[in-house]
Amino acid sequence: RGVSAHQQDRAVKAIQALGVPARHCFKPMTAQREFASCRRFTGPSNKAARACREVIYIPFNLTYDSDKLKQIFDAVKSCLV
């Protein structure tokens, strides 16, 4: 089922507000205009379509202390409930 696009938007913006360069997952190639006419795979094996609804990118940064990591976690959690 994944999360809604609205929840993803809120989570990315909340993390970015903390000064962390979070971003959305890439769109599947078949969702991009250049590849719209390509053969499509559907169903449970369509990992790209599932990932675009479930994945946001948060960079791994060794300078983040436990307080910063908790802020990031809390920001994401608040957007998903």
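Scope of the values below: all heavy atoms of this structure, side chains included, with no hydrogens, waters or symmetry mates. Counting from 1, the numbers follow the sequence of the chain as shown.
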Taking the side chain as everything from C-beta on, heavy atoms only, tell me whether [X] gets closer than 4.5 Å to [Y].
{"X": "L62", "Y": "F60", "answer": "yes"}
{"X": "K68", "Y": "V20", "answer": "yes"}
{"X": "I15", "Y": "Q71", "answer": "no"}

(request) Return the set of residues passing side chain to side chain donor-acceptor pair (under 3.5 Å) with S66 (not counting sequence neighbours), or none when no residue passes. (result)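 S66: no side chain to side chain donor-acceptor pair (under 3.5 Å) contacts found.
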(request) Sequence neighbours left out, what passes side-chain contact (heavy atoms from CB on, under 4.5 Å) with D67? Give chain and number order. (result)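 D67 satisfies side-chain contact (heavy atoms from CB on, under 4.5 Å) with D65 only.
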(message) Looking at Q16 and P21, would you say the former's side chain and the latter's main chain have a donor-acceptor pair under 3.5 Å?
(response)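 Side chain of Q16 to backbone of P21, a donor-acceptor pair under 3.5 Å: no, none is there.
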Let me have the donor-acceptor pairs involving side chains of residues 72-81, under 3.5 Å, with sequence neighbours excluded, atom names and distances please.
residue	atom	partner	partner atom	Å
D74	OD1	K70	NZ	3.4
D74	OD2	K70	NZ	2.9
S78	OG	D74	O	3.4
S78	OG	A75	O	2.9

(message) Once salt bridge (charged side-chain N to carboxylate O under 4.0 Å, His left out) is applied, what residue pairs with a partner in residues 10-20 remain, sequence neighbours excluded?
(response)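 Non-adjacent pairs meeting salt bridge (charged side-chain N to carboxylate O under 4.0 Å, His left out): zero.
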(request) Mind listing the closest non-hydrogen atom pair of Q8 and V55 along with its distance? (result)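 Where Q8 meets V55 most closely, the heavy atoms are NE2-O, 3.5 Å.
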